Amino acid sequence: MSEGTDSRSGGSKNPSLLTVDNLAIRFGNAPANTVDGISFAVDRGETLCIVGESGCGKSISALALMGLLPMPPAKIAGGRVSFDQRDLLTLPAKARADLRGDRMAMIFQEPMTSLNPAFRIGDQIAEGVLRHRAISQADARRRALQMLDRVKIPAAAERLDDYPHQLSGGMRQRVMIAMALANDPDLLIADEPTTALDVTIQAQILELMKTLQEETGTALIMITHDLGVVAEIADQVAVMYAGRIVEQGPVEAIFDDPQHPYTIGLMSSLPSLGERQSRLTTISGMVPTIETMPSGCRFAPRCPFVRETCITRAPELTSMSPGHLAACHFAPLETHMVEAV
Amino acid sequence: MKHFAQDTILETRSLGRNFTRGGGLFQQRTVVRAVDGVDLTVRRGETLAIVGESGCGKSTLARTLVRLLEPTSGQVLYEGSDIAHLAARSMRKLRKDLQFVFQDPFSSLNPRMTVGAIVEEPLTIHTRDGKPARQQKVAGLLQRVGLRPSMADRYPHEFSGGQRQRIGIARALASEPKVIVADEPVSALDVSVQAQVINLLEDLKTEFSLTLVLIAHDLAVIRHMSDRVAVMYLGEIVEIGDTETVYGAPRHPYTQALMRAIPVPAPGLRSMQADLPGDIPSPLNPPSGCRFHTRCRHADANCGTKRPALEPTEGLREVACHHWQKIAASLSPQKQEPPRSAAAAKRFSLYREWSRKNKSKGPSSAPGVTTTQRKDNNA
């Protein structure tokens, strides 16, 4: 299909487009890291979904990759990020700004607050093109029109001069996508792009993103809390909990063979569309705050399988099967947890 | 669970609610029929879900049901008597029976009142209890929804989203209502917390013999919780019936499209189909005839002119479509997650068993675990 998949199956000779290595982010004088040593890689044409609940650090990580995290109060507490073989974290602000909106772009959850209400959408799309390309106003406007067409906005020529408030939520998200893809970026980061939309519109947007990605070979990092969306669009999945990746691997492995108790709990919490259960299994308690962050496994206080080791020692991500990693002292659970039932 | 006493507790008759915009000196007056001629019965003890896309009028209908909004036309019958035109004073007495849980747990709790005061307020209004009795009840209610009674002195901002929704539920329960209307009670919550609140609502419903009207857009949540489901489109009900019947074999093309759009958490089934073109039309200017005909692939000339009425089909289900019989043949099978591998299934059942075991062991892992308890865990 895409070159990304080819390079992956052909071994790891080609370096990935984006490699995040042990990235840690801390806010002010917080007693613990908000993002605590996450590592992943994304190839061209590939889709990585980062899934987790609010406060797990998924959006913070995305903003850090884009260089949009206000520093201070945030600071990079460790790790490296290489994008197209350049070290992102040490790049000067000017060079960073040249990449942003050009080689890497981002779509946000709430299209209404990320579009400027005072400017026509055509101008907003053209602005990004003009910033990075030496072309005329007229050409930029032509590019904007072309992009609106590509994201399948009906009667695009008439829409070009609309203001954001004149569009529906789904249409606004299409405009955001048009804007993000206007410069053919190598990497697109989408933070909950369909969360604010109805299911039918959500289906349209996901289908559009998939089609565009196949056409352009853009690498996509999708941040979401919706496992349905993950199953629909991901090649690779990273499950985050309280600032750490607790499980990662190919999408089939995560759904068919989940290993970490948090992943299992998350999936158990979903009402099923098939057989009606009498009661949902839940994850008890709440996500820890930064002040109460456990020193061992961060999921330990909510984990039904918790033991002494979990409280004292943080588990490393270990391989469960090729490419499938889980950070649990007792994975696979069925071999470690039988006797005590 | 399924078939309760069939008597009706709440009923609407050609209920309509319009919103008008403009009408000033220079502006044309426009009327939105947010709810248009809705006939709906809610049976005692059931959970009825109302589902539809944003702008379909489901929240307006919910608010009109308990008269948080005055209806423009038609009737709302509670226990057989019309509450749509009741005087404010008599309506206030009925509020005890009809309670509402709001979607947004952040804006629906007064930030200047303590949680105890918020939950106590309905008791002050609707009962003759003295202060000590009220406070005792508040403590009981907080405990019942999974919060500690000592939290009564705190303010809403000190709580998480899930906890605030529990507070909203405790407030709704305080007046010992017969009917609770819940507008998207779990959609603002994270998946794991959502499951806790769903379980809580179901337990409370049984414990207090409540009737529940649930507004939601998450079709899996609705399937899990409701006995019957009504599908709304642009102010009208297009299909209503038993949840199993409607999910098993949706008859209205709109219901079918909704079902197909559900993302299933199974990568083998990348099946989400966006075969519902375009957006929902503006309710300011709804299409003539069948309001769905502009997005329907089965529509013919007739659909654009003649408005279909809800008509009974098989199995106590009603559908408003001229062509449902024809369409029924082209139905795609119901979506389901595939079975898990043996090892994974084992892990899920272990998780279930261990969670249950821990719960019975002590309060430390009950929902609503707090920071202090968490610290103890780590000590």
Side-chain angles (χ1 to χ4, degrees), chain A residues 53-54 154 168-171 198-204 206-207 225-232 234 251-252 255-259 261 264-274 276-277 279-286 288-289 292 294-295 300-302 304-305 311 332-334 337 341, chain B residues 53-54 160 162 190-196 198-199 202 217 219-221 223-225 247 257-258 261-270 272-274 276 278-279 334-337 340-341 343-344 346-348 350-355 357-359 365-369 371 374-375 377-378:
Chain A
E53 298 179 281
S54 15
S168 67
M171 285 299 158
D198 282 313
V199 274
T200 56
I201 308 297
Q202 174 177 318
Q204 291 175 4
L206 286 183
E207 201 171 81
H225 70 276
D226 188 334
L227 289 167
V229 170
V230 176
E232 199 69 42
V251 65
E252 297 81 12
F255 280 90
D256 301 343
D257 192 28
Q259 294 281 358
I264 294 171
L266 209 54
M267 291 181 178
S268 305
S269 305
L270 287 178
S272 157
L273 282 166
R276 198 143 103 155
Q277 313 110 296
R279 239 182 117 74
L280 294 175
T281 311
T282 62
I283 304 176
S284 64
M286 293 176 310
T289 58
T292 59
S295 51
R302 301 176 75 188
F305 306 108
I311 293 161
L333 292 163
E334 68 274 19
M337 290 293 162
V341 176
Chain B
E53 287 173 280
S54 33
S160 70
D190 272 320
V191 180
S192 68
V193 181
Q194 173 177 313
Q196 295 171 359
I198 289 174
N199 283 345
E202 298 206 302
H217 70 275
L219 293 150
V221 168
R223 164 146 181 140
H224 178 78
M225 290 187 75
Y247 275 69
L258 273 185
I262 309 174
V264 183
L269 290 180
R270 299 210 165 171
M272 198 162 145
Q273 289 167 36
L276 196 58
D279 285 329
Q334 192 184 353
K335 276 191 185 175
Q336 281 194 10
E337 300 89 346
R340 296 189 175 98
S341 70
K346 184 80 200 293
R347 250 167 263 151
F348 277 87
L350 276 173
Y351 185 93
R352 221 169 17 248
E353 282 165 33
W354 282 68
S355 297
K357 206 181 66 185
N358 290 1
K359 203 161 282 177
S365 54
V369 177
T371 33
R374 204 178 292 120
K375 274 181 195 151
N377 267 352
N378 297 330

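Naming convention: chains lettered A, B, ... in sequence-line order (proteins, then strands); numbering from 1 in each chain. Bear in mind that the values here come from a model prediction, so they are computed numbers and not experimental data.
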Let me confirm one number: the [atom1]-[atom2] distance from [X] to [Y], rounded to the nearest 0.5 Å.
X        : Y        : atom1 : atom2 : value
A:Gln202 : B:His217 : CD    : NE2   : 8.0 Å
B:Arg352 : A:Ile264 : CZ    : CD1   : 11.0 Å
A:Leu280 : B:Gln194 : CG    : CD    : 8.5 Å

>> Which label fits B:Tyr351 and A:Phe305: parallel for a plane angle under 30°, tilted from 30 to 60°, or perpendicular past 60°?
In response: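 Perpendicular: the ring planes of B:Tyr351 and A:Phe305 meet at over 60°.
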
If you look at every heavy atom in [X] and [Y], which pair is closest and at what distance?
X        : Y        : value
A:Glu53  : B:Asp190 : OE2-CB, 3.1 Å
B:Ala266 : A:Ala231 : N-CB, 3.3 Å
A:Ala203 : B:Ala261 : CB-CB, 4.3 Å

>> side-chain contact (heavy atoms from CB on, under 4.5 Å) for A:Asp257 and B:Arg347? Distances and angles first, verdict last.
In response: CA-CA 9 Å; A:Asp257 192 28; B:Arg347 250 167 263 151; 2.8 Å; yes

> Using a cut-off of under 4.5 Å for heavy-atom pairs, which of B:Ala343, B:Ser341, B:Ala344, B:Ser54 has the most such pairs with chain A?
Replying inline: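 Greatest number of close heavy-atom pairs with chain A: B:Ser54.
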
>> Which residues pass the side chain to side chain contact (heavy atoms under 4.5 Å, CB included) test with B:Ser160, not counting sequence neighbours?
In response: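 Checked B:Ser160 against side chain to side chain contact (heavy atoms under 4.5 Å, CB included); matches are A:Met286, B:Gln163.
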
> How would you list, by chain and number, every residue that makes a ring pair (Phe, Tyr, Trp, His ring centres under 6.0 Å) with B:Phe348, sequence neighbours excluded?
Replying inline: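 So B:Phe348 forms no ring pair (Phe, Tyr, Trp, His ring centres under 6.0 Å) with any residue.
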
>> So does A:Ile283 get a backbone contact from the side chain of B:Gln196, meaning a donor-acceptor N/O pair under 3.5 Å?
In response: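 Flag set: sc B:Gln196 to bb A:Ile283 pair under 3.5 Å.
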
>> Determine whether B:Asn199 and A:Thr282 satisfy the following criterion, side-chain contact (heavy atoms from CB on, under 4.5 Å), listing intermediate values before the conclusion.
In response: CA-CA 9 Å; B:Asn199 283 345; A:Thr282 62; 3.4 Å; yes

